[in-house]
Structures are given as C-alpha cells and as structure tokens.
Amino acid sequence: MSEYENMRTADIVAEALLDWKVDVIFGLPGDGINGFMEALRTRQDRIKFILVRHEESAAFMACAYAKYTGKLGACVATSGPGAIHLLNGLYDAKADNTPVIAITGTTYSDLMNSNYQQDVNLLQLYSDLAVYNDMINVPEQAEMAVDIACRTALAQRGVSHLTIPIDVQEKKLSGKYSRHNVAYHTSDVYVAETIPSQSLIEKAAKVLNAGSRIVILVGQGALGAGDEVLAVAEKLYAPVVKALLGKAVIPDDNQYSLGGLGLLGTEPSSDAMIEADTLLMVGTSFPYVEYLPKPGQARGIQIDIKPEKIGLRYPVEIGLVGDSKLILSALLPLLHQKYDLGFLKSKQNAMKKWNRLMKEQSTRNDKPIKPQVIAEAVSDELDDNAIISVDCGTNTSWAARYIDIRKGMKFSVSGTLSSMANGLPYAIAAQIAFPERQSVAFVGDGGLTMLMGEFATAVQYSLPIKVIVIKNDTLGMIRWEQMGFLGNPEFGVEFSAIDWVKFAEACGGKGYAIKEPNEVKSIMHQAMKERKPTIIEAYVDPFEPPMPPKVEMEFVKEVAKSFAKGQPYAKRIGLTLFRDQVHNILKNLHTQSVDRQKSGHIT
C-alpha cells in the first residue's frame with residue numbers, strides 16, 4: 001500500500017518537501033493556498049512556517065535562508081497577487097544563483113482562463129524566472145513534481161516554481177496512475193560534489209605556475225573554500241580580490257586580501273587587475289568587466305559550478321566546472337611555490353595606505369555625521385560569528401569598505417539584482433536560521449521604507465535583530481547617478497522624514513537615534529546589546545558621496561554639468577566635496593611626513 005494512499009495533494013507536497021530537508025517556509029496565506037496551509041499546520045513540529053507582512057519579503061527570506069545555510073530555501077503564496085508579489089525576491093535568488101522553491105496556489109482547475117477572481121497564468125508569469133516551472137494537476141503527480149523541482153533548484157542553483165489549483169490541493173491520492181507512470185519512480189537523492197578531470201586540472205596548474213603577477217578573484221561560490229583559497233594564494237604569492245558576494249571568503253584583515261573590486265572596491269584591487277598577467281576566478285561572475293584585466297593582457301583560469309558561467313566575463317583559457325573547494329584542493333599539490341614577492345608586496349604596501357585612509361575617513365568628527373563613521377562603529381560591535389545583511393544604495397558602499405569581516409562571519413546582499421529592501425528580510429531569515437548568532441541589517445532609509453512592516457515580523461517572532469538605518473531621507477545612490485553619470489540635477493530623490501525610533505517602539509521593539517558625533521560609539525554599543533528587535537537610526541550627511549576608488553575626470557565633468565544645469569544643493573555638495581578633498585590632502589601630507597620620518601629622511 002502506498003505511503004501516500006488517500007492523502008491530499010497538499011499533504012503529499014508537504015511530505016515531499018520534508019524529504020528534501022526543507023525545515024522552514026516563509027509566506028502569507030490566502031484562499032488560493034489554504035489547502036497547503038492546512039498541510040503545514042498539521043506538520044508544525046517538523047516544518048516551521050514564518051508569517052510575513054508582504055510576499056516579496058517571503059521570497060527575500062527564502063533566498064537569504066538558502067544563502068546563509070546552504071539548504072534549499074522555500075516560500076509560499078496564494079494565487080494571483082500573492083504569487084505576483086513573490087517575483088522580485090525570487091529574481092534576487094535567480095540572479096545570485098541561489099536554490100529556492102516557491103509554492104503558489106492558483107484558481108480552480110475548471111475555471112482557469114475564464115477571467116475568474118485572481119486568475120493569473122502563473123506558468124507564463126514565472127517562465128523567465130524558474131529553472132523548473134510546473135502545475136500539479138493530480139495527486140499522483142505531486143511527489144514526482146516536488147522531487148524534480150527540488151533537485152533542479154539545487155543542481156542548477158536557481159528557482160523552482162510549483163503551482164497547485166485550489167481544488168487539486170484537496171484531492172486525495174487514489175493510486176490511479178496513467179499506464180506509463182509508476183508510483184515512487186523518483187527519489188530525493190541529490191549529489192552535489194563534482195570535479196573536472198585530473199588532466200584538465202593539471203593544465204590549469206601549468207598556466208598558474210607560469211604566471212608571475214597572479215591575482216585571485218573570489219565570489220559567492222568560494223564561500224566554503226576560504227582555507228583553500230588562502231593556501232593557493234600562499235603558494236602563488238597572489239593577492240586575493242573579493243567580489244561583494246564573496247566578502248566573507250577570507251577575512252578583510254588577511255595579509256592576502258585586497259578588499260573589493262569595482263565602484264565599491266579598493267584602489268589596490270583595481271591596480272592589481274591592471275598589472276596582472278594571470279587571473280584565477282573562483283566562484284564568481286563579477287559583472288563589471290571594465291575592472292578586470294583587458295582581454296589578452298592576462299591568462300585566465302575560471303572555477304565555477306555552472307558551466308554556462310565559464311568565459312562569460314573574461315576570455316579564460318581553461319574552465320574548471322565543479323565544487324570550488326574540491327577543485328582548489330586538487331589543484332594545490334600541483335602548484336609550484338613562488339619565491340618572487342615583488343608583486344604581492346607592492347599590493348600589500350598599497351593596501352596598508354588604503355586602510356589608513358579608510359580609518360581616517362571613518363573616525364572623523366564632522367557634523368552632520370559621516371556615514372563611514374557609522375559603518376565603522378557597527379563593525380566594532382560585531383561578534384566573531386555575526387551575520388551581516390546589507391541593503392542596496394549608498395549604504396552598500398559604506399558596508400563594503402568599512403565593515404570588516406572576520407573569519408566565521410557571514411555577509412550577503414542582493415548582489416546581481418541589486419534590489420532595494422532586501423536587508424531587513426535577509427536579517428530576519430539569518431536570525432531564524434541561526435537563533436544564537438548576532439544578526440545585523442545595515443540599510444538605508446529608502447530601502448527600509450519599502451518593506452518596513454517586516455520589523456513587526458521580527459517582533460512577532462522575538463528575533464533580536466539589529467537594524468542600522470543610514471538616515472538621510474534621500475535615495476542617495478540615485479542622486480549621485482543622476483549627477484555623476486548623466487550630468488543632470490537630482491530629481492525625485494528626496495523623502496519626507498520617518499521617525500524610526502517611534503516606529504520601532506510602535507511595533508514593540510526598541511529604537512535608538514544617533515545625532516551627534518560624540519555619541520556614536522556609546523549609543524551603538526548600548527543598542528547592539530539589546531535582546532529585542534532594535535532599530536538604530538543614524539542621522540548622516542546626505543551629501544557625502546560614495547566615491548569610486550579612483551575618481552575619473554569624466555565623473556568630475558558630469559558633476560560640474562549638473563551644477564551648471566541647476567543642481568539644487570550645488571553649494572552644499574561642492575562644500576562637502578571640497579572639505580573631503582582638503583581633508584584627504586592634509587592627511588596624505590601628514591602620512592608622507594610620518595613615512596619619511598620612519599625611513600630616516602627627516603630627523
């Protein structure tokens with residue numbers, strides 16, 4: 001007799017998800033999915049349902065849960081608008097190659113395409129998004145569909161979508177399979193470990209052994225291989241550059257780390273790419289190709305779990321498809337120990353200077369407070385195993401450069417999609433996944449406003465997350481994009497203010513405000529020790545620019561154009577830029593003087 005005999009479709013789906021080790025599902029109920037909700041209700045001891053305030057948050061949380069745990073993320077929504085609301089968070093998972101399964105309801109099977117209430121063609125809607133996209137039409141199909149959906153999401157690092165008509169959710173399995181279908185012909189087995197042939201690994205080793213200025217670029221796909229990355233770096237005397245999703249691969253203070261790359265990166269990392277003769281890419285599809293070596297400049301080796309990513313950003317000679325930890329381990333004994341430290345030392349010295357500049361910028365006492373100061377204060381209060389979730393905007397710049405990641409920490413952001421509003425849902429998912437660890441969201445007020453209701457979710461589930469809000473009442477990144485990229489005055493980027501302390505308290509949490517430079521550290525320390533969901537709003541200089549590591553003349557010209565066209569805050573922005581430049585010049589003069597004294601040129 002079948003284990004699912006006389007069981008409802010919804011119950012079969014829930015049981016099959018449990019077989020795939022799905023232990024948490026985020027979502028919001030509705031009449032289109034209530035049959036499945038009953039299946040969750042009767043399995044509360046085995047699968048936890050987290051009620052959200054908006055379905056977009058459920059998808060963000062499922063994505064973050066998968067990122068932080070390595071498990072399959074799961075979310076659920078009702079038919080029509082509920083399923084539509086999931087899309088942005090699910091596209092975040094798609095863009096960042098994160099395995100998630102979405103379960104949605106859909107209208108009655110005999111009323112589809114009749115303009116019935118909430119009748120939306122979800123298979124068509126999800127067709128661009130999902131790596132597996134199917135409707136369960138009969139109970140006999142349910143187990144097979146879930147097995148394929150979960151396996152495909154994990155194997156292809158993407159989103160699977162299953163939608164179930166309202167009436168089908170309630171139908172019971174009778175065992176009447178079609179003539180070519182056999183019960184239980186699928187399984188919940190998935191093999192993740194893959195590695196290329198030894199001969200290909202040997203060819204890659206020869207390329208790396210021939211290089212003299214090797215740079216290692218790591219991304220999210222190297223997160224479980226930090227020790228192996230460092231072992232390779234030590235053999236090759238190669239500096240390590242980190243894409244933002246790979247910020248936690250190795251600690252920021254490691255001697256081989258040059259920090260990030262691109263607009264949010266460091267000057268030494270940009271210089272290393274300009275000078276490299278060999279590039280080893282590990283688990284990254286870094287999209288800003290203008291920051292990579294020029295085609296033909298460097299020989300390239302790429303390690304990635306997804307074959308279609310090989311050669312996408314750089315014309316590599318050899319692609320190694322598989323698990324980065326396994327491949328690096330196999331590569332390591334084939335590498336020759338390098339002895340020329342010149343390239344590495346030059347970048348390490350440059351990194352010391354860069355870090356001094358970052359320290360100076362993050363310890364200023366200006367008023368309004370510089371956002372760099374807030375990021376530094378957050379960094380100082382992080383536990384050794386903290387989980388940091390960052391939203392998208394100017395706050396991303398401050399987090400990328402001024403929050404230092406140590407070994408044992410986790411860090412993530414909406415990377416490739418770069419969606420605002422992900423920070424708070426990510427932090428909630430992290431706290432649910434790791435109840436004993438510190439979970440911090442570093443967000444802007446623009447992004448937080450979009451899904452601010454989820455702070456009440458944190459209160460409802462007694463999740464002691466800390467939400468640091470960079471408060472400038474502005475879409476800061478968009479302001480600088482309008483000015484610095486297009487040469488236009490800012491338009492449509494200012495918000496009316498929200499009192500985040502009162503909001504936090506109204507939700508049942510704690511709220512703190514930082515308004516003066518001399519109270520940054522004390523308030524941050526006090527707030528981060530709270531055992532309740534807490535918002536810390538930091539009033540910062542709204543005109544502080546998120547400058548790239550190297551300022552191009554084109555950027556300066558475009559800002560000047562925006563001033564000429566009537567940029568409304570031209571004087572204040574100009575004054576901020578002038579003060580920042582003067583401050584850096586004076587600091588550089590002081591640093592050069594100290595360096596000369598240390599070298600004996602001044603007595």
Side-chain angles (χ1 to χ4, degrees), residues 193 195-219 221-243 246-261 266 268-284 286 292-293 296-304 310 314 316-355 405-407:
E193 294 186 353
I195 190 168
S197 67
Q198 182 66 19
S199 62
L200 200 58
I201 294 174
E202 289 173 358
K203 289 180 181 178
K206 287 181 180 179
V207 172
L208 294 172
N209 286 331
S212 58
R213 298 185 303 279
I214 305 165
V215 175
I216 302 173
L217 175 62
V218 298
L223 283 174
D227 290 341
E228 289 74 18
V229 167
L230 287 176
V232 170
E234 289 170 5
K235 267 281 188 79
L236 301 176
Y237 284 154
V240 179
V241 175
K242 303 188 289 184
K247 185 173 170 65
V249 172
I250 66 171
D252 281 317
D253 65 355
N254 185 275
Q255 62 177 332
Y256 289 94
S257 175
L258 297 185
L261 185 65
T266 71
S269 70
S270 294
D271 289 341
M273 289 295 179
I274 292 171
E275 299 171 30
D277 67 9
T278 309
L279 176 64
L280 173 59
M281 302 171 68
V282 185
T284 180
F286 182 77
L292 299 178
Q297 169 195 324
R299 303 179 73 182
I301 304 293
Q302 184 175 356
I303 300 171
D304 206 288
I310 300 294
Y314 193 75
V316 297
E317 290 184 34
I318 298 172
L320 302 174
V321 177
D323 180 270
S324 59
K325 185 180 182 73
L326 295 177
I327 294 174
L328 290 173
S329 296
L331 193 60
L332 188 61
L334 303 175
L335 299 177
H336 301 159
Q337 179 64 59
K338 300 287 185 181
Y339 295 102
D340 186 351
L341 280 165
F343 179 63
L344 176 63
K345 282 292 185 185
S346 69
K347 296 299 160 279
Q348 289 175 332
N349 290 334
M351 199 62 194
K352 289 176 182 177
K353 292 180 180 179
W354 175 267
N355 286 335
I405 297 298
R406 303 190 294 276
K407 187 172 184 178

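Owing to the predicted nature of the structure, the values given are computational and were not obtained by experimental measurement.
Atom CG in Leu261 sits 6.5 Å away from atom CG in Leu217 (nearest 0.5 Å). The distance from atom OG of Ser329 to atom CD1 of Ile195, rounded to the nearest 0.5 Å, is 8.0 Å. Interatomic distance, Ile318 CD1 to Lys206 NZ, rounded to the nearest 0.5 Å: 9.5 Å. The CD1 atom of Ile201 sits 11.5 Å away from the CD1 atom of Ile301 when rounded to the nearest 0.5 Å. Atom CG in Leu331 sits 10.5 Å away from atom CD in Glu202 (nearest 0.5 Å).
Glu317 places no side-chain N or O within 3.5 Å of a backbone atom of Gly300 that could act as its donor or acceptor partner. Using a distance-only test at 3.5 Å, with no hydrogens or angles considered, a donor-acceptor pair links the side chain of Gln337 to the main chain of Glu234. Side-chain atoms of Ser269 do not come within 3.5 Å of backbone N or O of Val241 as any donor-acceptor pair. Glu228 places no side-chain N or O within donor-acceptor distance of the main-chain N or O of Leu326, the cut-off being under 3.5 Å. Here the side chain of Tyr314 pairs a donor or acceptor atom with the backbone of Ala298 at under 3.5 angstrom. The closest donor-acceptor contact from the side chain of Lys242 to the backbone of Ser257 lies at 3.5 Å or more, if one exists at all.
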Quiz prompt | Intermediate values then yes/no, side-chain contact (heavy atoms from CB on, under 4.5 Å), Gln297 and Leu279 | solution = CA-CA 10 Å; Gln297 169 195 324; Leu279 176 64; over 6 Å; no
Practice problem: Step by step, work out the side-chain contact (heavy atoms from CB on, under 4.5 Å) result for Thr266 and Met351. | Solution: CA-CA 8 Å; Thr266 71; Met351 199 62 194; 4.0 Å; yes
Exercise. List the steps, then state whether side-chain contact (heavy atoms from CB on, under 4.5 Å) holds for Val215 with Leu258.
Key: CA-CA 10 Å; Val215 175; Leu258 297 185; 5.9 Å; no
Practice problem: Test side-chain contact (heavy atoms from CB on, under 4.5 Å) on Leu344 and Lys347 and set out the steps. | Solution: CA-CA 5 Å; Leu344 176 63; Lys347 296 299 160 279; 5.5 Å; no
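Residues Leu320 and Ala204 share a closest heavy-atom pair of CD1-CB, 3.9 Å. Pairing each heavy atom of Pro293 with each of Ala276, the nearest pair is CG-CB, 4.4 Å. Of all heavy-atom pairs between Phe343 and Arg213, the closest is CD2-CA, 3.7 Å. Nearest approach of Ser324 to Val282, heavy atoms of both residues: CB-CG1, 3.7 Å. Of all the heavy atoms in Asp277 and Ser212, the pair that sits closest is OD2-OG, 2.7 Å. Looking at every heavy atom in both residues, Gly319 comes nearest to Ile310 through CA-CG2, 3.6 Å.
Using a 4.5 Å heavy-atom threshold, the side chains of Pro196 and Ile327 count as touching. Contact of the Leu341 side chain with the Gln348 side chain is not registered, since no non-hydrogen atoms from C-beta on lie closer than 4.5 Å. With a 4.5 Å cut-off on side-chain heavy atoms, Met281 and Asp304 do not count as touching. Counting heavy atoms from C-beta outward, Asn209 and Leu335 have side chains that approach closer than 4.5 Å. Residues Ile303 and Leu280 meet the side-chain proximity criterion, which asks for heavy atoms closer than 4.5 Å. Contact of the Leu236 side chain with the Thr278 side chain is not registered, since no non-hydrogen atoms from C-beta on lie closer than 4.5 Å.
The existence of a salt bridge linking Asp227 and Lys325 is excluded, since no basic side-chain nitrogen approaches an acidic carboxylate oxygen closer than 4.0 Å.
Of the options Val249, Val218, Val229, a side chain to side chain contact (heavy atoms under 4.5 Å, CB included) to Leu223 is made by Val249 and by none of the others.
More than 12 heavy atoms of other shown residues, nucleotides or ligands fall within 6.0 angstrom of atom NZ in Lys338.
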